[in-house]
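Comments concern the structure below.
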Amino acid sequence: MDASSRTILGLIAEMNACYVVPVYQRPYSWGEEQCVQLWDDVLAIGRRERGSHFTGSIVTVQQGRRTRDGVARLLLIDGQQRMTTIELLLVALARHAARHPERRLAYSAAEILEGGFLTNRFREGDDHLKLTLSKQDKATFAALVRALEAGDLDFAPDGRIGENLALLERRVGALDDVDAVWRGLQRLEVVSIALDQTLDDAQVIFESMNSTGKDLTNADLVRNFVLMSYPVDEQQDLYRTYWQPIERLLGEDNFDVTFDEFMRCFLGIAYAPTSLDKADVYQTFKRYVLFHGYNQNDRMKNLSLRLKRYARYYVAVVRGESDDAELASAFGRIGRLGVTAVRPLLVTLYDAYEHKQLAHDDFVALVGMLEAYLVRRAVCDCSRSVLASFFTSLVARVDAVRSEEASVADALPAMLANEEGGPRRMPGDAEFSHALATRDLHDEGLVVYVLAGIEARLSPESVAWLPQKRWTVEHIMPRRALADEAWRSALGSEPERAFESCVNALGNLTLTSWAYDAQDASLAEKRERVAADGLAISAGVSSAGDWTPELIARRTDELVAEACAAWPVPVVPEGAGAAYRLSQRAAALKKVTFADLFAAGLVEMDDALVSVSPLHPGRATVTSTGKIMLANGEMFEDPTAAYERFLESLGSTSMGQSGWMYWRRGDGGPLLDDLRGELR
C-alpha cells in the first residue's frame with residue numbers, strides 16, 4: 001500500500017491515468033446535501049489567501065497491467081462519489097466559461113478539457129475519459145463529456161448526474177467571483193491510497209474509509225465483501241454472473257432497502273431459532289461466511305448462488321411474483337396482511353419445495369394455513385409481539401424435520417396445533433366466530449381483507465379480478481341512520497341501542513367499488529349500489545325488502561360461518577405429533593456446536609468422520625483444535641458446512657443436507673446428531 005497527500009486535481013490530471021468505478025459499486029448517489037457541503041468547502045478555501053482543505057481519501061487499485069497505450073486503469077475502491085461530483089463541478093465551470101467568453105477568468109474551458117481533468121486528450125476509447133462510472137451512469141457521464149467537447153453547452157443528462165450538474169451550474173452562475181471556485185478546487189487535498197492487490201486487503205480498507213459523504217449501506221458492504229475476495233480481473237465477471245441477477249430480482253430502484261430486508265430474512269433463516277431483529281446485518285453476514293468457510297477455496301461463488309436462489313424465493317414470497325398462479329395468489333393474500341415476521345418461514349418452505357421435500361399442493365396448503373393462522377389471530381386481537389420469535393423457532397423446527405427426512409406437510413400443522421391455549425395459539429372456531437360476531441372490525445383495517453376472503457370463497461372466479469379493484473367498506477344501514485325516519489323506524493322500539501349493536505356488525509358491511517360510503521342513502525339506493533358491483537357477499541342485500549337488526553344478525557352468522565370455512569383450523573394427520581416432537585428435539589440440539597462435542601470428549605483428535613451416504617463415500621478428520629478437516633486440507637467448525645463442501649468437492653449439486661445427520665464417528669459409529677443428543 002502506498003499512501004501520499006495529493007491535491008485532488010493533481011491526482012485526477014495525472015498523465016495516462018484513468019479512474020474506473022467497478023461495475024459492482026453502487027451508482028452515483030450523492031444528493032443536494034452532500035453536493036452543497038462540498039461546494040461550501042471549495043468556496044470557503046478558495047476565498048482565503050492561502051491554505052488547503054483536506055477532503056478525505058481516494059483509494060485505488062490498478063486493474064491489471066497498463067493498456068497497450070500505456071494507460072493505468074485505476075479502480076476506485078473509495079472516493080467515487082466525491083470524485084464524480086468534482087468532475088461535475090469542473091464541467092459546470094467549463095460550460096460557464098464557454099458561455100461567457102467576455103469574462104476574464106483565471107481558467108478556460110479549453111484548459112479544463114485539455115488539461116487532463118476530464119479526458120486523456122491523446123487517448124481514445126475507454127482510455128479517453130478520466131472517469132468511467134458504473135452501470136447506467138457510465139453512458140450518461142460519457143455523453144456529458146462528449147457534448148462538452150463538441151461545444152454543446154445545453155446537453156442535460158438524466159438522473160442524479162443531471163440534477164447535481166444543474167445545482168452546481170446555478171451556484172456557479174450566481175457567483176461574482178467564479179475564480180474562487182477554481183482556486184478552491186486546486187487547494188482540495190486528499191490522501192491517495194494505492195493498493196497492491198496481491199498484498200493489501202481492499203475490503204478492510206474499504207470498510208474503514210467510510211468517513212465522508214453518504215454512509216455505505218449493507219448492500220454496498222456485503223457486495224464488496226463477496227466480490228473483493230477475488231482478484232480484480234475476475235470481479236466484473238463475478239458481478240455479472242452472481243450479483244447483478246440479485247439486484248435485478250430485488251429491484252434496482254430501491255435496492256439498498258430491499259436488500260437489507262432480504263438479508264435479514266436470509267440470516268434469520270441461517271441463525272434460527274436465534275432472533276436477529278436488531279443485529280448488524282453486515283457483521284452478522286461476515287460471521288456467517290467465516291464460520292461456514294465460504295471465504296475459502298472459491299466457495300464464495302457457492303454462497304452467491306445460494307443468495308441468488310433465496311432472493312428468487314424472497315421475491316416470490318414478498319411480491320407474489322411466481323409463474324405458478326396458485327403460489328402467486330397464495331403469496332399475494334398472505335402478503336397483504338403485512339406480517340413481515342412470517343417471511344423467513346415462507347422462504348424456508350419454498351426451499352423445501354424446490355428440493356422436492358414438499359409437494360406443490362402441500363406447499364400451497366401450508367401457505368394458506370399460515371394465512372389462516374394470521375387472519376384468525378388478527379381478528380381475535382392476539383398479540384403480534386410473539387410472532388417473530390415463534391416463526392423463527394418454526395424455521396429451525398422445519399429445518400430439523402427436513403434433516404430427519406420427515407414430512408414437513410404433516411409436521412407444521414402439528415406444530416401450530418401444539419400451541420393451543422397459549423399466547424402463540426391459532427384461535428379455534430369458537431374464539432374466531434365470537435370475535436367476528438362481536439368486535440368492531442371496521443376501524444381495524446381488517447374488514448376489507450375478511451370480506452374479500454369470504455367473497456373469494458363464495459365466488460372462486462372472483463379471485464382473478466377481485467384484487468384489481470380498489471374496494472371500500474359500505475355500511476348497508478348508514479352510520480347516520482338515526483337521523484333518517486325510515487331507517488330509524490326499522491330499528492324497532494329501542495333504536496339507539498339497536499343501532500349501536502348492529503351498525504358496525506359484520507352483517508351490516510359489504511364491499512363496494514364506490515369511493516365513499518353513502519350515509520344518507522335509502523335502502524333502495526343502497527341495494528342499487530351493491531347490486532352494481534355484483535358481489536356474492538351482497539346477494540342477500542340486493543334482494544332485501546327491508547333491513548332490520550334481525551336480518552343483520554342473520555347475515556352476520558352466515559358470513560362468520562363462511563369465514564371459518566375460508567380460514568380453517570388445519571386437521572392434524574394421525575401420527576404427526578411424533579414428527580413434531582422429533583423436530584422439537586432436533587431444533588434444541590441445533591444450539592449444540594461441534595466444539596461442544598470436542599470439549600466433552602465425544603469426538604477426539606484424529607477421529608475419522610465417515611459419510612453415511614452410499615452415493616457419496618468419503619472421510620474427514622478431527623483436528624487437534626476441534627475442527628473438521630476434509631481430505632483436501634480445508635477445515636470447518638460446523639459439520640453441515642464441512643459436509644456441503646465435501647459434496648461440492650465430489651461434484652454433487654445436493655444441498656440442504658445436515659452434516660449432523662450425514663457424518664458418523666468412525667466406521668459403524670454413532671451419528672454426530674446422536675452424540676449431540678447426549679449433551680441436551
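What's counted below: heavy atoms across the whole structure, side chains too, no hydrogens, waters or symmetry copies.
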Kindly give the heavy-atom pair with the smallest separation between [X] and [Y], and that separation in Å.
{"X": "Ser304", "Y": "Val226", "answer": "OG-CG1, 3.4 Å"}
{"X": "Cys35", "Y": "Trp30", "answer": "N-CE3, 4.3 Å"}
{"X": "Gly320", "Y": "Ala328", "answer": "O-CB, 3.3 Å"}
{"X": "Thr241", "Y": "Lys308", "answer": "O-NZ, 3.4 Å"}
{"X": "Asp517", "Y": "Val473", "answer": "OD2-O, 3.7 Å"}
{"X": "Thr258", "Y": "Leu250", "answer": "CG2-O, 3.5 Å"}

Return all side-chain donor-acceptor pairs below 3.5 angstrom for residues 42-52, not counting sequence neighbours, or 'none' if the list is empty.
none

Going by side chain to side chain donor-acceptor pair (under 3.5 Å), name the residues that satisfy it together with [X], two or more places apart in sequence or in a different chain.
{"X": "Gln235", "result": "Tyr24"}
{"X": "Asp179", "result": "none"}
{"X": "Lys130", "result": "Asn120"}
{"X": "Asp324", "result": "His360"}

If you define the side chain from C-beta out and look only at heavy atoms, does anything of [X] sit under 4.5 Å from [Y]?
{"X": "Asp137", "Y": "Ile161", "answer": "yes"}
{"X": "Glu634", "Y": "Arg645", "answer": "yes"}
{"X": "Val257", "Y": "Asn254", "answer": "yes"}
{"X": "Trp514", "Y": "Trp471", "answer": "no"}
{"X": "Tyr313", "Y": "Leu346", "answer": "no"}
{"X": "Tyr271", "Y": "Thr392", "answer": "no"}
{"X": "Leu148", "Y": "Leu118", "answer": "yes"}
{"X": "Arg183", "Y": "Asp177", "answer": "yes"}

Residues Cys18, Thr132; criterion side chain to side chain contact (heavy atoms under 4.5 Å, CB included); working and verdict: CA-CA 8 Å; Cys18 288; Thr132 299; 5.8 Å; no
Qualifying residues under side chain to side chain contact (heavy atoms under 4.5 Å, CB included), relative to Ala219, sequence neighbours excluded: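 Here the qualifying residues are Thr217, Phe255, Asp256, Phe259.
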Contacts of type side chain to side chain contact (heavy atoms under 4.5 Å, CB included), residue Val318, not counting sequence neighbours: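 Result, side chain to side chain contact (heavy atoms under 4.5 Å, CB included) vs Val318: Tyr314, Arg343.
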Distance check, rounded to the nearest 0.5 Å: [X] atom [atom1] versus [Y] atom [atom2]?
{"X": "Leu113", "Y": "Thr119", "atom1": "CG", "atom2": "OG1", "answer": "6.0 Å"}
{"X": "Leu144", "Y": "Glu149", "atom1": "CG", "atom2": "CD", "answer": "10.5 Å"}
{"X": "Ile334", "Y": "Ser329", "atom1": "CD1", "atom2": "OG", "answer": "12.0 Å"}
{"X": "Leu11", "Y": "Ser192", "atom1": "CG", "atom2": "OG", "answer": "4.5 Å"}
{"X": "Phe391", "Y": "Thr348", "atom1": "CZ", "atom2": "OG1", "answer": "12.0 Å"}
{"X": "Arg336", "Y": "Leu374", "atom1": "CZ", "atom2": "CG", "answer": "13.5 Å"}

Sequence neighbours excluded, which residues qualify as ring-ring contact (aromatic ring centres under 6.0 Å, His included) partners of [X]?
{"X": "Phe117", "value": "Trp182"}
{"X": "Phe285", "value": "none"}
{"X": "Tyr288", "value": "Phe266, His292, Tyr294"}

Is it true that atom [atom1] of [X] has more than 12 heavy atoms of other residues, nucleotides or ligands lying nearer than 6.0 Å?
{"X": "Gln519", "atom1": "CD", "answer": "yes"}
{"X": "Lys138", "atom1": "NZ", "answer": "no"}
{"X": "Asp158", "atom1": "CG", "answer": "no"}
{"X": "Asp323", "atom1": "CG", "answer": "no"}

Arg187: partners by salt bridge (charged side-chain N to carboxylate O under 4.0 Å, His left out), with sequence neighbours left out: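 Partners of Arg187 under the salt bridge (charged side-chain N to carboxylate O under 4.0 Å, His left out) test: none.
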Arg309 bridged to Glu354 by N-O distance under 4.0 Å: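 So Arg309 does not pair with Glu354 through a salt bridge.
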Val172/Leu89 under side chain to side chain contact (heavy atoms under 4.5 Å, CB included): CA gap, chis, key distance, verdict: CA-CA 9 Å; Val172 168; Leu89 182 51; 4.2 Å; yes
Salt bridge (Lys or Arg N to Asp or Glu O under 4.0 Å) evaluation trace for Glu644 with Arg299: CA-CA 10 Å; Glu644 279 185 357; Arg299 294 196 71 228; 3.8 Å; yes
[Y] and [X] side chains, donor-acceptor separation under 3.5 Å:
{"X": "Thr85", "Y": "Arg82", "result": "no"}
{"X": "Glu14", "Y": "Tyr19", "result": "no"}
{"X": "Ser134", "Y": "Tyr28", "result": "no"}
{"X": "Arg306", "Y": "Tyr310", "result": "no"}
{"X": "Arg123", "Y": "Asn16", "result": "yes"}

Trace of the salt bridge (Lys or Arg N to Asp or Glu O under 4.0 Å) decision for Arg160 with Glu163: CA-CA 5 Å; Arg160 189 60 57 86; Glu163 293 170 5; 3.5 Å; yes
Intermediate values then yes/no, salt bridge (Lys or Arg N to Asp or Glu O under 4.0 Å), Arg146 and Asp152: CA-CA 9 Å; Arg146 285 196 300 269; Asp152 181 359; over 6 Å; no
Tyr107/Gln186 under side-chain hydrogen bond (donor to acceptor under 3.5 Å, both in side chains): CA gap, chis, key distance, verdict: CA-CA 11 Å; Tyr107 70 96; Gln186 291 176 311; over 6 Å; no
Donor-acceptor contacts, no H, no angles, side chain residues 90-101, under 3.5 Å, sequence neighbours left out:
unit_1	atom_1	unit_2	atom_2	d
Arg95	NE	Glu169	OE2	3.1
Arg95	NH1	Phe155	O	3.0
Arg95	NH2	Leu153	O	3.4
Arg95	NH2	Phe155	O	3.3
Arg95	NH2	Glu169	OE1	3.1
His96	NE2	Arg103	NH1	3.1
Arg99	NH1	Glu169	OE2	3.0
Arg99	NH2	Leu153	O	2.4
His100	ND1	Glu102	OE2	3.3

